[in-house]
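Written out below as structure tokens is the structure these notes cover.
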Amino acid sequence: KEGQYAGGVSRLLALAMDVGAGWGLFLLLALGIQAGIRLFAGSSYTILSHRLVGTVAIVVWGFLYFSTQWSLSGRTIGMAIVGARVTTTDGHSISRRASIVRTLVLPISIAVWFIALVGIELRADRRALHDLCAGTCVVYHWHARGASLPWLQRDD
């Protein structure tokens, strides 16, 4: 039902899809950078073969992947597919600040996933730690499930 708080299974499924989509997009970006370096510098450089650089790049990419999509539309690619959207607790679009806070706390929620999952399933508003810190909640938003998957379309 549209507007109803999204449950743990939907949210976990969306997260799994986002991990896959984010990783795939990261690899495409890394390959593009590698090809550009090879084309313009004439030398070879692979981001992922340098542990520190690769780790920093993945962390920065993950931050940008989630915070940008949440900031622009309140949903990620995975959330659009399952028909979910992040909103403020009173149903409005989230701010850039809330998307940043949510993204920064998300790894902690994932690290303590069992506690987060229990919170999502036991709380009436289905909010996890990152939702509580950012003042957000996740609701079903079926408009997000169009054939074009308009995850970058803002619904104000």
Side-chain angles (χ1 to χ4, degrees), residues 1-30 32-33 47-48 51-156:
K1 179 176 166 187
E2 188 160 332
Q4 181 179 351
Y5 296 114
V9 173
S10 298
R11 293 176 67 165
L12 191 58
L13 182 60
L15 179 62
M17 286 188 267
D18 284 321
V19 168
W23 182 248
L25 291 170
F26 175 79
L27 290 177
L28 287 174
L29 182 64
I33 290 170
I47 291 173
L48 295 177
R51 190 173 295 212
L52 179 61
V53 174
T55 301
V56 169
I58 290 169
V59 169
V60 169
W61 173 253
F63 175 80
L64 292 173
Y65 177 87
F66 285 100
S67 66
T68 301
Q69 290 182 86
W70 284 332
S71 174
L72 292 174
S73 67
R75 57 186 157 250
T76 59
I77 294 169
M79 293 176 81
I81 292 169
V82 300
R85 181 172 184 246
V86 179
T87 66
T88 61
T89 55
D90 57 0
H92 294 91
S93 295
I94 67 170
S95 66
R96 182 174 305 153
R97 180 186 179 284
S99 69
I100 289 170
V101 169
R102 194 168 201 278
T103 304
L104 291 174
V105 181
L106 179 63
I108 298 167
S109 281
I110 292 170
V112 292
W113 70 272
F114 181 74
I115 295 169
L117 190 58
V118 168
I120 290 170
E121 292 305 319
L122 294 182
R123 290 180 57 93
D125 59 6
R126 308 252 175 162
R127 294 170 71 199
L129 177 63
H130 52 286
D131 292 310
L132 295 170
C133 291
T136 61
C137 61
V138 179
V139 295
Y140 289 115
H141 185 73
W142 300 116
H143 174 69
R145 290 190 65 170
S148 63
L149 295 176
W151 61 88
L152 295 178
Q153 177 183 343
R154 197 164 178 87
D155 298 323
D156 290 318

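Throughout, numbering of the chain's residues begins at 1 and tracks the sequence. Please read these numbers as outputs of a predicted model, since none were measured by experiment. When reading the values below, keep in mind they use all heavy atoms of this one structure, side chains included, and skip hydrogens, waters and symmetry mates.
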Worksheet item: Roughly how far, to the nearest 0.5 Å, is the OG1 atom of T103 from the NE2 atom of H130?
Response: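 With rounding to 0.5 Å, NE2 (H130) is 9.0 Å from OG1 (T103).
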Worksheet entry | Atom pair OG1/CD1 of T136 and I94 - distance to nearest 0.5 Å |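 Going from the OG1 atom of T136 to the CD1 atom of I94 covers 6.0 Å.
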With a 4.5 Å cut-off on side-chain heavy atoms, are [Y] and [X] touching?
X	Y	value
R11	L15	no
L29	L25	no
I100	F63	yes

Item to complete: Please work out whether the ring planes of Y65 and W61 are parallel, tilted or perpendicular, with thresholds of 30° and 60°.
Response: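 Ring orientation, 0 to 90° scale: tilted.
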For the student: nearest non-hydrogen atoms of [X] and [Y], plus distance:
X	Y	answer
Y140	G7	OH-N, 3.3 Å
A84	V138	CB-CG1, 3.8 Å
V82	A14	CG2-CB, 3.8 Å
C133	V101	O-CG1, 3.6 Å
L129	S109	CB-OG, 3.3 Å

Practice prompt. Could you note down all residue pairs passing salt bridge (Lys or Arg N to Asp or Glu O under 4.0 Å) where residues 100-123 supplies at least one of them, sequence neighbours left out?
Written response: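 For residues 100-123: R102-D131, E121-R126, R123-D125.
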Worksheet item: Is it true that the side chains of S93 and R85 contain a donor and an acceptor less than 3.5 Å apart?
Response: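 Looking only at side-chain atoms, R85 and S93 do form a donor-acceptor pair, the distance falling under 3.5 Å.
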Worksheet item: With sequence neighbours left out, what residues match F66 under ring-ring contact (aromatic ring centres under 6.0 Å, His included)?
Response: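 Partners of F66 by the ring-ring contact (aromatic ring centres under 6.0 Å, His included) criterion, ordered by chain and then number, come out as W70.
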Practice prompt. Spell out, as yes or no, whether a donor-acceptor pair under 3.5 Å connects the side chain of S99 to the backbone of R96.
Written response: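 Confirmed, S99 side chain pairs with R96 backbone.
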Item to complete: Please name all residues satisfying side chain to side chain contact (heavy atoms under 4.5 Å, CB included) with V139, sequence neighbours left out, ordered by chain then number.
Response: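 Counting only residues at least two positions away or on another chain, V139 forms a side chain to side chain contact (heavy atoms under 4.5 Å, CB included) with Y5, T87, C137.
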